[in-house]
Amino acid sequence: MELGASSRVLSNNTLLRFSPESTFRRRYQVPVNPTSLNHHQRRFSNASFQLSNSYSIRETTYKKVVNMSKVDSREFELSSLTALSPLDGRYWSKVKDLAPYMSEYGLIYFRVLVEIKWLLKLSKIPEVTEVPSFSEEAKSYLQGLIDGFNMDDALEVKNIERVTNHDVKAVEYFLKQKCQSQPEIAKVLEFFHFACTSEDINNLAHALMLKEAINKVMFPVMDKLIKALCEIAKDNANISMLSRTHGQPASPTTLGKEISVFAIRLGRERQEISQVEIMGKFAGAVGNYNAHLSAYPDVNWPQITEDFVKSLGLSFNPYVTQIETHDYMAKLFYAFVRFNNILIDFDRDVWGYISLAYFKQVTKAGEIGSSTMPHKVNPIDFENSEGNLGKANEDLSFLSMKLPISRWQRDLTDSTVLRNMGGGLGHSLLAYKSALQGIAKLQVNEARLSDDLNHAWEVLAEPIQTVMRRYGVPEPYEKLKELTRGKVVTKESIREFIIGLELPEEAKANLLNLTPHNYVGAAAELARNVDVAVNLVNGRKVLETV
């Protein structure tokens with residue numbers, strides 16, 4: 001089936017309306033705004049599904065095929081069934097916590113915040129006499145615009161943008177309209193956006209979006225995931241398990257120790273993310289303070305803007321073009337990719353352990369594992385996690401590679417790309433929650449773990465030949481190779497071999513006491529100490545919030 005130029009559509013002759021703004025209002029409880037509603041309706045009025053003439057469709061459940069003229073359209077209401085992105089559709093409930101920060105709404109909000117904070121900063125510069133110090137009443141009014149910003153305000157900005165065709169200028173005009181009624185601020189309206197290029201506002205807004213989203217949404221779930229792994233590690237510190245290197249039986253370990261490895265690795269990458277400096281610039285059109293100095297040549301603008309950027313909780317980048325160079329974003333997103341890769345490794349390992357029946361999965365009444373095989377309980381949470389981590393890494397890797405590259409003093413390719421930051425974080429968040437959901441269903445099958453060990457006496461070849469080396473027994477490795485390789489090794493054959501060795505009685509007794517269950521080295525202790533180890537690698541400073 002192809003999408004083609006013809007207008008042949010399967011239908012019961014019923015038009016479905018597509019109104020994203022109406023769903024937007026329901027989701028955020030925003031009152032009806034007729035002007036913005038019409039705008040959104042017009043904006044999406046061309047949405048249609050078309051089927052090619054070259055494809056013949058036969059389906060008895062449809063009553064007829066309706067021919068549509070070119071001027072007709074199909075309008076579908078935005079819902080979980082019609083959203084193009086599954087993050088905004090099927091998975092919305094799991095990722096919606098990111099929406100206040102990583103959405104268009106979040107971008108507009110932080111632009112408003114930056115514009116207002118800059119005006120307040122100007123009022124504190126003695127040389128800028130045209131913007132006198134504001135009274136507490138005026139300051140409170142401006143802060144109220146930030147604290148009280150809501151969906152109606154965002155829609156109003158979008159309505160202004162329809163006229164300006166410029167999103168940042170729309171924010172400036174919005175603030176001027178809002179402040180006309182405040183006498184002090186009304187006198188200095190033209191100092192909104194003073195000496196700023198749009199990217200001065202945008203780069204700080206994007207930085208704040210990332211900080212808030214990571215601090216308030218991503219980190220809590222990541223920490224919950226690490227903590228869950230620590231709990232599994234400690235609870236199963238003494239549960240012996242057959243290792244598999246290259247997929248073959250190897251020296252035993254404990255289930256808890258193997259899980260603790262992932263907790264430590266994730267904790268280390270979580271620390272790396274928290275230590276990335278989120279940076280901002282505020283140096284004008286090409287990074288030289290040209291406009292600033294033309295208006296106020298005696299002001300130390302580099303110091304003023306550094307103080308301003310730092311007051312927002314960001315690190316200052318003094319050497320820039322029109323844009324902040326985005327190098328920190330590349331570092332940040334690659335750190336998420338590394339965290340995600342480790343979690344993919346965990347997902348696949350647990351998937352394999354479930355396949356080996358080392359873990360059972362707690363069933364939930366009413367759930368179906370397979371549409372045709374009633375007995376199945378599939379590891380879908382770990383599969384969902386792995387799949388979304390792959391999608392997240394694709395998005396984050398692209399951002400990391402593209403964003404640091406900009407022609408000359410800037411091109412516009414970063415602008416549209418930056419609007420996709422929420423996708424990479426959204427798929428990551430979904431994956432973390434899926435992994436947590438899967439972890440909550442895991443139930444250790446100790447009988448299966450024990451049975452595997454009971455059939456793997458050959459793993460004791462390692463300690464036996466190592467002790468033989470200590471006491472000078474000739475060709476220890478070769479002797480154990482002859483005993484075990486390609487042969488069925490049993491408890492009896494191992495014991496018979498040990499008894500026949502010329503070893504001190506104490507050494508021989510120790511070897512005879514070994515079993516695949518207790519030959520686990522320091523695995524149990526490592527697992528029990530996982531909390532201490534995670535705290536050591538996670539002695540982190542969380543990104544400071546504004």
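Note that these values count all heavy atoms, side chains included, but never hydrogens, waters or copies made by symmetry.
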Aromatic plane relationship, Phe149 with Tyr105 - under 30° parallel, 30 to 60° tilted, over 60° perpendicular: tilted

Examine distances only and state if a side-chain atom of Ser385 and a backbone atom of Ala431 form a donor-acceptor pair shorter than 3.5 Å. yes

Could Asp153 and Lys178 be called an ion pair, given the rule that one side-chain N must be under 4.0 Å from one carboxylate O? yes

Student check: side-chain heavy atoms of Val128 and Phe191 closer than 4.5 Å: yes

Strictly by modelled atom types, are Lys402 and Thr413 linked by a side-chain donor-acceptor pair under 3.5 Å? yes

Does a side chain donor of either Ser315 or Tyr328 reach within less than 3.5 Å of an acceptor in the other side chain? no

Nearest 0.5 angstrom please: Lys257 NZ to Leu526 CG, how far? 7.0 Å

Determine whether a donor-acceptor pair (N or O, by modelled atom type, separation under 3.5 Å) exists between the side chain of Asp88 and the backbone of Leu84. no

For residues Pro379 and Val350, determine if any side-chain heavy atom of one lies less than 4.5 Å from a side-chain heavy atom of the other. no

Going through the checks in order, is the side chain to side chain contact (heavy atoms under 4.5 Å, CB included) test met by Leu332 and Phe336? CA-CA 7 Å; Leu332 178 68; Phe336 269 100; 4.2 Å; yes

Minimal non-hydrogen separation, Val534 against Cys230, with atom names: CG2-SG, 3.6 Å

Is Val114 close to Leu208 at the side-chain level, that is, under 4.5 Å between some pair of heavy atoms? yes

Any ion pair linking Lys187 and Glu184 (charged N to carboxylate O, less than 4.0 Å)? no

To check you understand the geometry: which heavy-atom pair defines the closest contact between Asn203 and Gly280, and what is its length? OD1-CA, 3.2 Å

Counting N and O atoms only, with roles assigned by atom type, does the side chain of Ser406 sit under 3.5 Å from a partner on the main chain of Asp411, one being a donor and the other an acceptor? yes

When every non-hydrogen atom of Gly390 is compared with those of Ile344, the smallest separation belongs to N-CD1, 4.3 Å

Looking only at the side chains, is there a donor atom on one of Gln303 and Asp307 sitting less than 3.5 Å from an acceptor on the other? yes

Check the pair Phe219 / Ile273 against side chain to side chain contact (heavy atoms under 4.5 Å, CB included), numbers first and verdict last. CA-CA 9 Å; Phe219 275 163; Ile273 295 171; 3.8 Å; yes

Ion pair Glu272/Lys331, N-O distance below 4.0 Å: no

Passes salt bridge (Lys or Arg N to Asp or Glu O under 4.0 Å), Arg265 versus Glu269? Steps please. CA-CA 7 Å; Arg265 294 173 67 193; Glu269 293 307 323; over 6 Å; no

Gln143 and Asp147: side-chain donor and acceptor closer than 3.5 Å? yes

Could you check whether any side-chain heavy atom of Thr321 comes within less than 4.5 Å of a side-chain heavy atom of Trp408, counting everything from C-beta outward? no

Consider only side-chain N and O atoms of Asn341 and Asp345, and report whether a donor and an acceptor are under 3.5 Å apart. no

When you measure from the side chain of Ser415 to the backbone of Leu412, do you find a donor-acceptor pair of N or O atoms at a distance under 3.5 Å? no

I'd like to know if the side chain of His193 pairs up with that of Glu115 as donor and acceptor (distance under 3.5 Å, no hydrogens or angles considered). yes

Testing the basics here: between Lys281 and Ile323, what is the closest heavy-atom pair and its distance to 0.1 Å? CG-C, 4.1 Å

Atom of Ser123, atom of Pro132 and distance for their closest heavy-atom approach: CB-O, 3.5 Å

Are the side chain of Asn378 and the backbone N or O of Ile380 linked by a donor-acceptor pair below 3.5 Å? no

Ignoring hydrogens and angles, tell me if any N or O in the side chain of Asp200 forms a donor-acceptor pair with the backbone of Gly284 under 3.5 Å. yes

Is Asn288 reaching over with its side chain to a backbone N or O of Asn290, donor-acceptor style, under 3.5 angstrom? no

For side-chain hydrogen bond (donor to acceptor under 3.5 Å, both in side chains), just list the numbers for Thr305 and Tyr289, CA-CA rounded to whole Å, side-chain angles, deciding distance to a tenth of an Å, and then say yes or no. CA-CA 10 Å; Thr305 55; Tyr289 306 97; 3.2 Å; yes

Set out, in order, the CA-CA distance, both residues' side-chain angles and the distance that settles side chain to side chain contact (heavy atoms under 4.5 Å, CB included) for Phe134 and Val188, then state yes or no. CA-CA 11 Å; Phe134 290 128; Val188 294; 3.9 Å; yes

Would you say Trp301 and Leu293 make side-chain contact, with heavy atoms under 4.5 Å? yes

Does Val286 reach the side chain of Thr197, with side-chain heavy atoms less than 4.5 Å apart? no

Between the side chain of His326 and the main-chain N/O of Met329, is any donor-acceptor distance below 3.5 Å? no

I'd like to know if the side chain of Glu130 pairs up with that of Tyr296 as donor and acceptor (distance under 3.5 Å, no hydrogens or angles considered). yes

Given salt bridge (Lys or Arg N to Asp or Glu O under 4.0 Å), test Glu104 with Lys158 step by step and report yes or no. CA-CA 10 Å; Glu104 180 82 356; Lys158 296 301 291 183; 2.9 Å; yes

Using the side-chain contact (heavy atoms from CB on, under 4.5 Å) rule, pick out the option among Leu113, Ile185, Ile116 that qualifies with Leu145. Ile116

Any side-chain heavy-atom pair from Asn393 and Ser428 closer than 4.5 angstrom? no

Taking all non-hydrogen atoms of both residues into account, name the closest pair between Leu87 and Leu430 and its distance. CD2-CD2, 4.3 Å

Partners meeting ring pair (Phe, Tyr, Trp, His ring centres under 6.0 Å) with Phe282 (sequence neighbours left out): Trp118, Phe308

Applying side chain to side chain contact (heavy atoms under 4.5 Å, CB included), can you list everything that pairs with Asp381, at least two apart in sequence or on another chain? Gln437, Lys441

Can you tell if the side chain of Tyr141 reaches within under 4.5 Å of the side chain of Ser181, non-hydrogen atoms only? yes

Test item: side-chain donor near acceptor, Asn340 and Tyr432, under 3.5 Å: yes

Report the C-alpha separation of Cys179 and Phe192 in whole Å, then their side-chain angles, then the decisive distance to 0.1 Å, and conclude whether the side chain to side chain contact (heavy atoms under 4.5 Å, CB included) test is met. CA-CA 10 Å; Cys179 293; Phe192 277 117; 3.8 Å; yes

side-chain hydrogen bond (donor to acceptor under 3.5 Å, both in side chains) evaluation trace for Asn388 with Asn384: CA-CA 6 Å; Asn388 277 285; Asn384 181 283; 3.0 Å; yes

Does Arg270 make a cation-pi contact with Phe339 (under 6.0 Å, within 45 degrees of the axis)? no

Between Lys176 and Glu172 (salt bridge meaning N to carboxylate O under 4.0 Å), is one present in this structure? yes

Could you tell me which residues satisfy salt bridge (charged side-chain N to carboxylate O under 4.0 Å, His left out) with Asp414, sequence neighbours excluded, listed by chain and number? Arg410

